[in-house]
Amino acid sequence: MGESRKEMNRRSLLQDALRSAGLLGMGGAFGFLIGRAQAQQYCWQIDPYKCIACGNCATYCVLEESAVKCVNTFEMCGYCKLCTAFFDPAPQALNTGAENQLCPTGAIIRTFLEDPYYEYKIDESLCIGCGKCVVGCKAFGNGSLYLQVRHDRCLNCNECAIAVACPSEAFIRTPVENPYRLKGKNHSA
Amino acid sequence: MIFSVSAMLILTLLSGLPCFAQDIERFPPPDFDSGYVFPQIQKPLPRAEIFQYLDVVVLLAALSLASYLVYRRRSRQGIFLLTIFSLIYFGFIREGCICSIGAIQNVTLALFDESYSIPLTAAVFFFLPLIFTLFFGRVFCAGVCPLGAMQDLVLIKPISVPPWLQHALRMLAYLYLGAAVLFAATGSAFIICEYDPFVAFFRLSGNMNVVILGVSLLVIGLFVGRPYCLYLCPYSVILRLLSKISQWRVTIGPIEDNCIQCRLCEDSCPFGAITPPTPKEMPAPGGTDRLRLVLLIALAPILITLGGWSASWAGDAFSRMNFTVRLAERIALEDAGQVEGVIDASKSFREKGLSKENLFEESFRVREQFALGGWILGGFIGFVFACKLIALSLFSERSEYEADRSECVACGRCFSTCPQSAKREKKIDAASSA
């Protein structure tokens with residue numbers, strides 16, 4: 001009996017020592033990692049200057065309807081009558097008929113302001129983030145249309161499925177204090 | 001009309017030009033006469049930070065409650081209710097992110113990549129369950145992990161898996177952990193998140209392949225207890241190890257040393273975690289056993305080297321998970337004329353006008369990391385294999401049925417089956433009513 005108790009004591013002592021070492025190690029690692037981090041949370045965002053509007057955002061998001069939508073920086077927009085983001089490259093006629101629009105869901109609302117200017121607004125409930133208009137705007141317009149992760153929809157997955165599929169490494173982790181990468185008037189940033 | 005058609009014609013002619021690199025202000029924004037004001041861009045905010053701290057508080061509370069239910073109340077019902085709560089909160093409300101299993105990768109990436117700063121919640125979700133495990137065993141698995149909860153709830157008709165198969169399948173978890181750490185450390189991918197089988201259920205949408213994986217695991221889980229936890233979960237590898245030295249361990253009956261060897265508890269455990277006592281009459285340790293142990297210990301370095309060598313071959317294949325390596329390979333193939341056309345990634349790279357030398361250099365560096373990582377991963381698997389063999393050949397004496405420290409997920413199914421504990425409760429009831 002005495003022998004086995006001694007054995008038990010030795011075993012429990014060893015376990016205690018290992019446990020303390022484990023606790024210390026984990027505490028140390030935790031402190032090290034948190035001390036080095038700026039203790040901030042991240043969210044995903046698209047760098048519009050890297051994005052090539054390939055269309056992956058529309059299909060790779062884990063949500064049925066992508067969290068990525070198109071936004072328009074109005075200060076940069078040319079308010080063109082002939083908007084290459086709005087019209088199909090070979091339109092039947094230059095009106096808002098569905099067959100003339102580039103957007104597959106008709107999510108761009110074209111409103112007449114004053115001759116010859118038109119305002120182009122994105123209806124986010126319709127936008128699927130395919131980026132077709134972004135390509136059109138970048139190619140022939142001012143590049144005021146671009147894709148952004150909308151944080152009311154984004155689930156902030158630990159690893160963003162679109163980021164994995166992004167061909168231009170445009171998806172970046174951004175501090176939550178500043179969750180958007182909007183283009184500005186000074187757009188050569 | 002004529003104006004517009006000719007304009008379209010010019011645009012069509014222009015469309016071959018690569019204009020992607022920079023925005024050009026082709027049409028200066030107009031000065032409006034009508035007093036038009038620019039609309040504001042809506043910027044919906046992400047989930048407030050305070051809610052992430054709430055997650056931490058809920059995690060701490062759930063872990064404490066699980067420990068209380070397992071050790072003080074010894075209540076399967078309580079654990080079951082906590083399981084449902086965790087499934088709803090961490091699963092369906094928080095939609096599965098962030099979870100402790102995935103946090104392995106955040107911690108790994110933070111250790112290897114100084115530019116990545118780990119979110120506090122990810123660090124807490126990784127370390128807190130480990131600390132609880134050091135004291136209470138795998139209470140995290142019992143009632144807090146939403147993945148475990150999902151499988152625990154579908155377990156209807158458990159069948160027993162033969163021990164040899166259990167031991168073999170369990171090696172998968174070590175491989176999964178090793179691969180996940182390798183991919184996270186090289187900044188290539190978070191494979192635990194990518195192949196999380198149940199997160200698609202929590203979000204009610206997801207990649208079809210992963211949904212199929214999840215459904216198959218659930219179907220298997222109808223008969224085999226917690227297949228993901230037992231055979232795949234990389235976090236369980238760490239929990240298993242730590243629960244071996246936990247301060248307290250789950251006991252089947254409330255007091256030890258009064259087992260009547262009825263085997264009811266053994267039948268109640270769907271995870272094969274209850275080990276029977278060793279036979280009273282044991283043959284004296286003979287020379288063959290010792291020889292076997294010495295042989296196995298001598299075999300360990302060979303297994304480690306063999307594992308490392310074979311995985312170092314796989315390292316190059318693994319490195320294709322890395323974006324830079326894939327891109328560099330594609331660019332090289334395109335330049336050599338071995339593939340036709342461009343893909344989005346190579347097109348984007350060329351339009352950005354980045355230096356190819358830098359890309360190839362970076363790709364080479366990553367591949368070297370993978371070559372080394374392959375050796376380490378293979379060596380690790382060899383080491384685990386050797387440890388497993390040694391552990392299987394070691395013999396420890398048990399006088400009664402007990403829950404194996406590392407296998408037991410503290411689900412509490414065996415608590416009520418022990419007739420000794422029922423007898424004790426009756427006595428207590430009688431004493432309190434008298």
Interface check, chain A: of Cys99(B), Ala123(B), Gly96(B), Pro28(B), most non-hydrogen pairs under 4.5 Å belong to Ala123(B)
Turns out that what part of Glu114(A) lies under 4.5 Å from chain B's heavy atoms comes down to side chain
Indicate yes or no for a side-chain donor-acceptor contact from Asn158(A) to the backbone of Ile98(B) under 3.5 Å, with no hydrogens or angles considered.
no
Roughly how far, to the nearest 0.5 Å, is the CZ atom of Arg26(B) from the SG atom of Cys137(A)?
8.5 Å
Against chain B, label Phe32(A) side chain, backbone, both or neither, depending on which of its atoms sit under 4.5 Å from a heavy atom there.
side chain
Are any non-hydrogen side-chain atoms of Asn156(A) and Arg47(B) less than 4.5 angstrom apart?
no
Taken to the nearest 0.5 Å, the spacing of Leu182(A) CG from Lys43(B) NZ works out to 5.5 Å
Spell out, as yes or no, whether a donor-acceptor pair under 3.5 Å connects the side chain of Glu159(A) to the backbone of Cys193(B).
no
Report which part of Asp344(B) has an atom under 4.5 Å of a heavy atom belonging to chain A: side chain, backbone, both, or neither.
both
What's the spacing between Leu134(B) CG and Gln15(A) CD if we round to 0.5 Å?
11.0 Å
Turns out that what part of Asp196(B) lies under 4.5 Å from chain A's heavy atoms comes down to neither
Take atom CG of Leu394(B) as the centre, draw a 6.0 Å sphere, and report whether it contains more than 12 heavy atoms from other residues, nucleotides or ligands.
yes
Heavy atoms only, distances under 4.5 angstrom: which of Leu18(A), Asp16(A), Leu113(A), Val71(A) has the most pairs with chain B? Name it, please.
Leu113(A)
With a 4.5 angstrom heavy-atom cut-off, which part of Val124(B) approaches chain A: side chain, backbone, both or neither?
both
When you look at Tyr36(B) and Glu119(A), which way does the side-chain hydrogen bond (donor to acceptor under 3.5 Å, both in side chains) test go after all the steps?
CA-CA 10 Å; Tyr36(B) 169 79; Glu119(A) 183 198 64; 2.4 Å; yes
Beyond-backbone contact of Ser168(A) with Lys352(B), side-chain heavy atoms, under 4.5 angstrom:
yes
Chain B contact via Ala29(A) - side chain, backbone, both or neither, heavy atoms under 4.5 Å:
both
Contact part of Ile41(B) toward chain A, heavy-atom cut-off under 4.5 Å: side chain, backbone, both or neither?
side chain
Which answer fits Glu124(A), side chain, backbone, both or neither, if we ask what part of it has an atom under 4.5 Å from a heavy atom of chain B?
neither
Under 3.5 Å, is there a donor-acceptor pair between the side chain of Lys121(A) and the main chain of Pro39(B)?
no
Please lay out, stage by stage, how Phe135(B) and Leu23(A) fare under the test side chain to side chain contact (heavy atoms under 4.5 Å, CB included).
CA-CA 10 Å; Phe135(B) 289 99; Leu23(A) 270 180; 3.6 Å; yes
Per-residue contact mode, Ser246(B) against chain A (heavy atom under 4.5 angstrom):
backbone
When you look at CD of Glu99(A), are more than 12 heavy atoms from neighbouring residues, nucleotides or ligands closer to it than 6.0 Å?
yes
What distance separates Ile118(B) CD1 from Leu33(A) CG, expressed to the nearest 0.5 Å?
5.5 Å
So, the part of Cys80(A) with a heavy atom under 4.5 Å from chain B: the answer is side chain
Stepwise side chain to side chain contact (heavy atoms under 4.5 Å, CB included) test for Cys54(A) and Lys347(B):
CA-CA 10 Å; Cys54(A) 62; Lys347(B) 196 173 120 209; over 6 Å; no
Please flag which part of Cys61(A) lies under 4.5 Å from any non-hydrogen atom of chain B: side chain, backbone, both or neither.
neither
Do the side chains of Tyr42(A) and Ser117(B) get nearer than 4.5 Å, heavy atoms only?
yes
Assess whether atom CZ of Phe51(B) is packed by more than 12 heavy atoms of other residues, nucleotides or ligands within 6.0 Å.
no
Among Val62(A), Leu63(A), Leu155(A), which one satisfies side-chain contact (heavy atoms from CB on, under 4.5 Å) with Glu95(B)?
Leu155(A)
Rounded to the nearest 0.5 Å, what separation is found between the CZ atom of Phe38(B) and the SG atom of Cys77(A)?
8.5 Å
Side-chain heavy-atom pair Leu82(A), Phe27(B) within 4.5 angstrom cut-off
no
Compare every heavy atom of Pro30(B) with every heavy atom of Tyr117(A), then report the nearest pair and how far apart it is.
CZ-CB, 3.0 Å
Measure Ile122(A) against the heavy atoms of chain B and call it side chain, backbone, both or neither at under 4.5 Å.
neither
Find the one option among Arg405(B), Arg326(B), Gln40(B) whose heavy-atom pairs under 4.5 Å with chain A are most numerous.
Arg405(B)
Can you tell me which portion of Arg153(A) sits under 4.5 Å from chain B's heavy atoms? Options are side chain, backbone, both or neither.
neither
Which atoms of Phe30(A) come close to chain B, meaning under 4.5 Å heavy atom to heavy atom: side chain ones, backbone ones, both, or neither?
both
Gap between atom CE of Met26(A) and atom CG of Leu242(B) - 0.5 Å precision
5.5 Å
For the backbone of Leu45(B) and the side chain of Tyr180(A), can you confirm whether one donor and one acceptor N or O come within less than 3.5 Å of each other?
no
Please indicate whether Phe32(B) has more than 12 foreign heavy atoms, meaning atoms of other residues, nucleotides or ligands, lying under 6.0 Å from its CZ.
yes
Checking the side chain of Arg150(A) only, and the main-chain atoms of Gln42(B) only, is there a donor and an acceptor separated by less than 3.5 Å?
yes
